[in-house]
Q: 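Sharing a structure below in structure tokens format, with a few things to ask.
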Amino acid sequence: MKRDCCTGISPCAAVPFLVLAGHSAQWRDLNWLFCISCTIIKNCEVYTRYHWERRITPLNKMLTHLNGYKREAVLAPLFKMLEATFDLFVPLVMADIVNVGIAAHDFHYILVRCGILLLLAVVGLACSLTAQYFSAKAAVGYSTSLRHALFEHIQRLGFTEMDTMGTSTLITRMTSDVNQVQSGLNLFLRLFLRSPFVVFGAMVMAFTIDFQAALVFAGVIPVLCIIVFGIMLITMPMYRRVQASLDSVTSVSRQNLTGVRVLRAFCKEDAEVTSFEKKTEDMTRKQLSAGRISALMNPVTYVVINLAVVLLVHVGALKVESGVLTQGLVIALYNYMSQILVELIKMANLIITITKAVACGNRVASVLDLEPGQENGTRTAADLKGQVEFQDVTARYDGAGNPSLEHITFTARPGQTIGIIGGTGSGKTTLVNLIPRLYDAAGGKVLLDGVETAAYDLTSLRQAIGVVPQKAVLFKGTIRQNLLWGNASATDSDLWEALTVAQAKEVVEGKENGLDAPVEQGGVNFSGGQRQRLTIARALVRKPRILILDDSASALDYATDAGLRMAIRRMDDPPTTFIVSQRAASVRYADEILVLDDGVLAGKGTHDELLESCPVYQEIYYSQFPKEAVQNG
């Protein structure tokens, strides 16, 4: 007979254990597996309404992705159960061969029964292949839909949620965790009916043969269930910790790969190798601990089953001797016990995959349950003029003890250039991030054209604002593709106009294919200054009403920086521009300069006004222009 290499476990078969376990944390880890079975089997209503809602609510977003594959999700286990049904007839045919064919030396009878066995094998193989196809289609389609939904959900999360979760763990959950869920679901759909059906079906068939001999089955099955479920519950939290360790390994790997140039510049390769080895050794230790416990599954089930076989053969021999049973029926009982052994061995081999899938499913569900902290407004920003007003604004990062900004008040009129300067960590980036609502203010109001930013639709708001972050990020593709991020409908003339203002025209003209010149991942085939100019051009293609340059000209020489600022001022309809910089020269000619010192507005005004009245600005300016400091005493 054709056999599967592994098996699953049915939550429905485990309902008595789940009910007895109540609301324990370990049993709740089985909820996603249980919910899938209850989605497929509509009449699985053993749970009360309270249990159902408590278990399905956290995972409803995951379950919806199985809706497009309901037919496959139903057909896969049904075909597997059909295959198992044919398997259960095999011992009876074998008993018939022994009792009738061999006993009567009827060769023709034996051949006919062997033909029946061959037919059962062929039909069982066809059912198994069909189940494999449907389960694979459902699992792959489900994981694809889940991964797309997870990626889309992550894109909707605010910077606060992204900072809380961490980039590395999000990458792990969208790749490794979803793959584990796919594998677990695939095997689950194929086998969650087959194994319990064969185990309990073999026991029922044994009772139809002989009640006393079947008591051996009734005694061994609960013992095996306790072993299987016990090991599963012990290893489940252990595998969750393994996945958390994988997050740490991913974080270290990502940090090393993105900062490889810095590592080599400071000769820190050996130190990072040591750190990586510590992380991997920690993960290995946790995997080995879970693996050792999982490895007990095979030998323990073998011992229990073989002891049961010995007892069964002993009882059967006594009954054959007394004439109660025939030799063929004893062979049938032995075959049924062997079928239980095979199913439980497959279950033991699969239990690790199921356990990992459950742990990973909960991790994915926790991300889907993470709701964006920002409420989206309804007002459109299409006609935004560009006036920005801060009224007693305070900002605080989630989990931080002290606020990053305190009591900031200023007004920027349309078309003005606002310079923002201050020491490292003074809150410059935090301030400009409040304008497009990358973060929300903890207190006070941020107004655009007299309306609070929270009233605007986020997409509309950010389309009206051009943001050039501190780190110049380019994506793999071409220069044209990167520029069109700013405005997908922009023409070539729009692109060249933005490049000219951004002082990047000569960068593109110097490339062989111009706008279609390739851009490697991260823009590594461009210098730092070239990347900054291209990212500025990308923001200008949008023709924003508010332009935020967050220290985005730090790699430019003074002449190019000055040319950029002059070109922005000379635009036909210049945007309200915020220039964040640590260079006094970059903000010197701004209409108004905001001086930040440890999150507090230390001064605001023009360059000349601040030189007279603001000690913080004086310190910054004269440290960069020492000759003027000497001249002014």
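Keep in mind it's a predicted model, so treat the numbers as computed, not measured.
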Q: Please examine the side chains of Arg437 and Leu461, heavy atoms only from C-beta on, and report whether any two atoms are closer than 4.5 Å.
A: yes

Q: Between Ile465 and Pro436, is any pair of side-chain heavy atoms under 4.5 Å apart?
A: yes

Q: Can a side-chain donor-acceptor contact be found between Asp550 and Thr429 if the only test is distance below 3.5 angstrom?
A: yes

Q: With the side chain counted from C-beta on, respond yes when Leu447 and Thr453 share a heavy-atom pair under 4.5 Å apart, and no when they do not.
A: no

Q: Give a yes or no answer on whether the side chain of His153 reaches the backbone of Leu370 with a donor-acceptor pair at less than 3.5 Å.
A: yes

Q: In terms of ring plane angle, is the pair Tyr397 and Tyr439 parallel, tilted or perpendicular, where the classes change at 30° and 60°?
A: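 Ring orientation, 0 to 90° scale: perpendicular.
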
Q: If we count only N and O atoms by modelled type, under 3.5 Å, do the side chains of Asn487 and Asp494 hold a donor and an acceptor together?
A: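 Their side chains do not contain a donor-acceptor pair, so the 3.5 Å distance test is not met.
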
Q: Taking atom types as modelled, find out whether Ser128 and Arg190 have a side-chain donor-acceptor pair closer than 3.5 angstrom.
A: no

Q: Any salt bridge (charged side-chain N to carboxylate O under 4.0 Å, His left out) pairs touching residues 462-473, not counting sequence neighbours?
A: none

Q: Is there a donor-acceptor pair closer than 3.5 Å between any side-chain N or O of Tyr456 and the backbone N or O of Leu448?
A: yes

Q: In the structure I gave you, are the side-chain heavy atoms of Leu515 and Leu495 within less than 4.5 Å of one another anywhere?
A: yes

Q: Taking the six-membered ring for Trp, are Tyr69 and Phe134 closer than 6.0 Å centroid to centroid?
A: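 Aromatic pair excluded; centres sit 6.0 Å or further apart.
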
Q: With sequence neighbours left out, write down each residue that passes side chain to side chain contact (heavy atoms under 4.5 Å, CB included) with Lys286, or none if nothing qualifies.
A: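 With sequence neighbours excluded, Lys286 shows a side chain to side chain contact (heavy atoms under 4.5 Å, CB included) to Arg241, Val242, Ser245, Asp282, given in chain and number order.
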
Q: Around Gln155, counting heavy atoms of other residues, nucleotides and ligands shown, do more than 12 lie under 6.0 Å from its CD?
A: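 Yes - once you tally the heavy atoms of other residues, nucleotides and ligands closer than 6.0 Å, there are more than 12.
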
Q: Donor-acceptor pair, distance only, cut-off 3.5 Å: does the side chain of Asp449 make one with the backbone of Gly386?
A: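 Yes; judged by distance alone, with no hydrogens or angles, the pair exists.
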
Q: Short question: side chain of Ser145, backbone of Tyr142 - any donor-acceptor pair under 3.5 Å?
A: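 Such a contact is absent between Ser145 side chain and Tyr142 backbone.
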
Q: Considering only heavy atoms from C-beta outward, does the side chain of Arg71 approach that of Lys137 to under 4.5 Å?
A: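 SC-SC contact between Arg71 and Lys137 confirmed.
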
Q: Any chance the side chains of Asp516 and Thr478 put a donor and an acceptor closer than 3.5 Å?
A: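 Judged by distance alone, the side chains do not pair up.
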
Q: So, Arg285 and Glu281, do they make that salt bridge, N to O below 4.0 Å?
A: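 The answer is no: the pair does not qualify as a salt bridge.
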
Q: For Asn513 and Arg480, test the side chains for any donor-to-acceptor distance below 3.5 angstrom and give the result as yes or no.
A: no

Q: Within the side chain of Thr576, is there an N or O that forms a donor-acceptor pair under 3.5 Å with the backbone of Ile546?
A: no

Q: Enumerate, atom names and distances included, each donor-acceptor pair closer than 3.5 Å involving a side-chain atom of residues 377-385, sequence neighbours excluded.
A:
| residue | atom | partner | partner atom | Å |
| --- | --- | --- | --- | --- |
| Thr380 | OG1 | Ala382 | N | 3.2 |
| Thr380 | OG1 | Ser460 | OG | 3.3 |

Q: Mark yes or no for whether Asn482, through its side chain, and Phe475, through its backbone, hold a donor-acceptor pair below 3.5 Å.
A: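 Yes; judged by distance alone, with no hydrogens or angles, the pair exists.
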
Q: Return yes if some donor-acceptor pair links the side-chain N/O of Asn256 with the main-chain N/O of Val252 below 3.5 Å, else return no.
A: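 Checked: pair present.
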
Q: So which atom in Val181 and which in Cys360 form the shortest heavy-atom distance, rounded to 0.1 Å?
A: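 That closest heavy-atom pairing would be CG2-C, 4.0 Å.
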
Q: Side chains of Leu549 and Phe578, heavy atoms from C-beta outward: is any pair under 4.5 Å?
A: no

Q: Are the side chain of Arg531 and the backbone of Phe526 linked by a donor-acceptor contact shorter than 3.5 Å?
A: yes

Q: Taking the side chain as every heavy atom from C-beta outward, state whether Ile154 and Met162 have any pair of such atoms under 4.5 Å apart.
A: yes

Q: Taking the side chain as C-beta and beyond, is there a heavy-atom pair between Leu431 and Phe390 under 4.5 Å?
A: yes

Q: Look at the side chain of Arg147 and the backbone N and O of Met174, then say whether any donor-acceptor pair between them is shorter than 3.5 Å.
A: yes

